[in-house]
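Indexing begins at 1, ligand by ligand and atom by atom, following the structure's order.
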Amino acid sequence: MNPTIKRLLAYCADYPVWLVQAGVCLLLATGAEVAGPLLIKLFIDDYLAPRHLDWPVIAALAAGYLGLQVLSATGFYLQSLRFNRIAQAVVQRLREQVFATAIRLPARYFDQHRSGSLISRITNDTEAIMNLYVQVIGLLVQKLVLLCGILVSMALLDVRLMLVCAALIPAVGAVMWLYQKLSVPVVRETRSLLSDINSRLNESLQGMPVIQAMVQEVRFANAFAEVNQQHWRARLKSLKINGILLRPLIDLFYMMVLIGLLALFAHEGLSTGGAIQVGVLYAFISYLGRMIEPLIEMTNQLNQLQQAMVAGERVFALQDEARESTRGASAELAGRVSFQGVNFSYDGEQPVLQGVSFDVAPGQMLALVGHTGSGKSTIISLLMGFYPIDGGEIRFDERPLSTLSLSAVRRSIGLVQQDPFIFVGTLAENLRLGREGIMDAQLWQALDEVQLARFVRSLPDGLDTLMEEGGKNLSAGQRQLLSFARALVGDPRILILDEATASVDSQTELALSQALSAARRGRTTIAIAHRLSTIVDADEILLLSRGQVIERGSHQGLMAEQGHYAQLFEMQSQGAWLEEKRA
Ligand code: ATP
Ligand code: MG
């Protein structure tokens with residue numbers, strides 16, 4: 001069996017009770033359905049044809065037939081309920097698992113995959129898998145059982161006629177095989193295009209302000225229409241395959257078998273004077289009709305099966321992605337951070353960091369400065385363990401990062417990212433971010449330190465103000481300050497600030513520098529800053545250029561050196577002086 005299908009089926013083994021219940025209902029319902037024509041055959045051949053009108057027996061037969069119909073309807077209803085229940089449970093679990101995997105994927109995965117494709121896997125693909133349980137498995141089993149029941153009943157009536165009808169089965173089998181061959185590639189293409197559609201949608205929604213500001217509505221609409229068209233064409237291709245193979249071809253076979261049955265009946269009737277009873281013929285025609293339905297259903301389900309299989313492949317591929325390791329020692333960190341000759345590249349080709357070394361003792365402050373794209377934020381990402389390094393070593397308290405538990409390291413670090421993320425929820429929730437045992441007073445203290453308390457007090461709902469998606473109801477500077485406060489609330493051993501003051505006005509920045517001097521006390525601090533005035537009192541300053549440290553030392557030392565740093569600083573203070581003069 002196909003390994004993906006096997007893996008998907010393994011899930012339903014967790015619901016044995018429902019499975020058994022569904023199976024029993026299915027058997028009962030099928031038995032009742034198959035027995036119906038037998039009763040009618042009995043009625044025609046034993047009572048109607050010989051004009052033997054024994055009313056009580058006929059009434060009993062009619063009641064029995066009716067009873068069987070009711071039984072089969074109830075049975076099918078109950079089994080479909082059970083199968084649906086299993087399907088819902090499986091899909092729910094699958095979704096949880098996929099999401100749990102997704103949030104533990106290493107940063108590199110998100111660099112290489114679009115978020116829309118992830119969304120597609122968690123929603124559309126799991127949905128397709130649900131159909132596997134609701135329709136495919138339930139129907140396939142049901143129809144198979146029905147088919148066996150019909151064949152047995154036919155054999156009981158007349159083995160030769162049964163063999164004629166059974167010729168349908170290999171013929172339909174051949175159609176199924178052909179269908180499988182033709183449709184898998186098309187289905188795979190369709191699902192991947194669906195994922196593209198999701199990706200584009202997601203990107204456009206996120207970039208809406210840019211699209212509208214740059215008047216790019218038409219171009220984006222066209223690009224979307226293009227993928228949509230491709231998806232439509234792929235669907236059409238698969239519909240064509242379905243259209244020709246699934247119904248008409250099988251109907252043709254049905255007609256041929258029907259002709260065969262009638263020919264045999266006529267031949268027998270002419271040569272031997274009616275060896276086959278009319279009731280038997282009726283039963284066979286009725287059975288043939290019932291037999292063709294499950295066969296068509298089963299081939300129809302192949303399409304769903306294919307969808308589920310491809311969806312399963314995609315979901316499992318995600319699930320099998322290597323997650324971030326959760327192993328490693330989880331001791332409290334004292335705050336020493338060192339890089340020793342660290343080399344790194346995002347894509348394995350373009351070097352981004354080359355031989356970067358530094359050592360920050362507990363409680364000291366390191367500042368990283370340098371041009372845009374010189375690798376400052378990358379150093380932070382490596383420190384956080386977002387990417388594995390290509391060479392050298394990162395150590396915390398003399399222990400290599402690779403031997404430490406990532407979550408323990410991250411818990412000891414308060415990180416203010418360059419582009420902070422605000423979650424949907426209240427302001428307080430955004431500050432606490434799930435860390436328990438943090439009192440409101442601590443939140444206010446942090447807000448106070450980052451100069452945001454006055455703003456929050458002015459809000460009608462204060463700490464309970466609801467934040468919109470991505471913090472849209474805050475200004476860029478407020479988002480940065482909020483993220484700064486969020487880092488302080490955890491009382492981290494190590495504080496990392498990536499351009500934490502880039503978007504605030506000069507007055508707030510000054511106040512923040514003072515806050516930072518207070519926050520630094522007793523903490524290891526690593527700060528990235530373009531405005532050099534904010535980091536002049538750092539214990540060590542590294543000047544980066546194209547991933548290499550080109551100058552290092554204290555502010556005084558670097559100024560005395562008269563190198564690039566001194567130049568940069570001069571330039572900035574002149575700018576500031578001009579600004580002041582203008583104002
Ligand atoms: P800035 O001052 O503008 O924030 P930076 O010094 O923080 O710049 P980094 O973000 O570290 O710069 O980027 C260093 C280099 O790595 C850049 O050339 C950038 O193109 C590349 N880079 C950054 N992030 C990624 C990523 N996720 N995937 C691939 N390349 C990346
Ligand atoms: Mg950066």
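Closest to atom 16 (O) of ligand 1 among all protein heavy atoms lies Tyr346 CE1, 3.4 Å. Ranking the protein heavy atoms by distance from atom 10 (O) of ligand 1 puts Ser377 CB, 3.6 Å first. Closest to atom 27 (N) of ligand 1 among all protein heavy atoms lies Asp111 OD2, 3.1 Å.
Here the side chains of Leu463 and Leu431 are in contact, with some heavy-atom distance below 4.5 Å. Side chains of Arg93 and Asp14 form a contact here, defined as non-hydrogen atoms less than 4.5 Å apart. Contact of the Leu366 side chain with the Phe339 side chain is not registered, since no non-hydrogen atoms from C-beta on lie closer than 4.5 Å. In this structure, Thr372 and His530 have side chains that are in contact, with non-hydrogen atoms separated by less than 4.5 Å. Looking only at side-chain heavy atoms (C-beta outward), Arg323 and Thr101 come within less than 4.5 Å of each other. Residues Arg486 and Pro420 have side chains not in contact (no heavy-atom distance under 4.5 Å, counting atoms from C-beta outward).
Distances between N or O atoms of Gly373 and those of ligand 1 include at least one value under 3.5 Å. For ligand 1, the polar-atom distance check finds an N/O of Gly375 within less than 3.5 Å of one of the ligand's N/O atoms.
Close approach to His530 involves these atoms of ligand 1, each under 4.0 Å from a residue heavy atom: 2 (O). The Gln418 neighbourhood of ligand 1 comprises atoms 1 (P), 4 (O), with distances under 4.0 Å to a heavy atom of that residue. With ligand atoms numbered from 1 in the order given, ligand 1 contributes 9 (P), 11 (O), 13 (O), 14 (C) to contacts under 4.0 Å with heavy atoms of Thr378.
The number of protein N, O or S atoms lying under 2.8 Å from the Mg ion (ligand 2) is 2.
Judged by distance alone, the side chains of Tyr346 and Thr378 do bring a donor and an acceptor atom under 3.5 Å apart.
Rounding to the nearest 0.5 Å places CD of Gln418 at 4.5 Å from CG of Asp498.
At a threshold of 4.0 Å, the pair Arg432-Asp440 counts as salt-bridged, since one of the basic side-chain nitrogens sits closer than that to a carboxylate oxygen. Between Arg523 and Asp491 there is a salt bridge, since at least one side-chain N of the basic residue sits less than 4.0 Å from a carboxylate O of the acidic one. Under a 4.0 Å N-O distance rule, the pair Asp537/Arg520 qualifies as a salt bridge. Between Glu509 and Arg531 there is a salt bridge, with a side-chain nitrogen of the basic residue lying less than 4.0 Å from a carboxylate oxygen of the acidic one. The existence of a salt bridge linking Arg7 and Glu313 is excluded, since no basic side-chain nitrogen approaches an acidic carboxylate oxygen closer than 4.0 Å.
Only side-chain heavy atoms of Val352 come within less than 4.0 Å of ligand 1; its backbone N, CA, C and O stay farther off. Using a 4.0 Å cut-off between heavy atoms, Thr372 contacts ligand 1 through both its backbone and its side chain. Of all the heavy atoms of Tyr387, the ones lying under 4.0 Å from any atom of ligand 1 belong exclusively to the side chain.
Distances from atom 1 (P) of ligand 1 to the heavy atoms of Lys376, Gln112, Arg546 put Lys376 nearest.
Glu499 does not count as a contact of ligand 1, since none of its heavy atoms falls under 4.0 Å from the ligand. Residue contacts with ligand 1 include Ser374, since one of its heavy atoms falls under 4.0 Å from the ligand.
Closer than 4.0 Å to atom 19 (C) of ligand 1 lies none of the heavy atoms of the protein.
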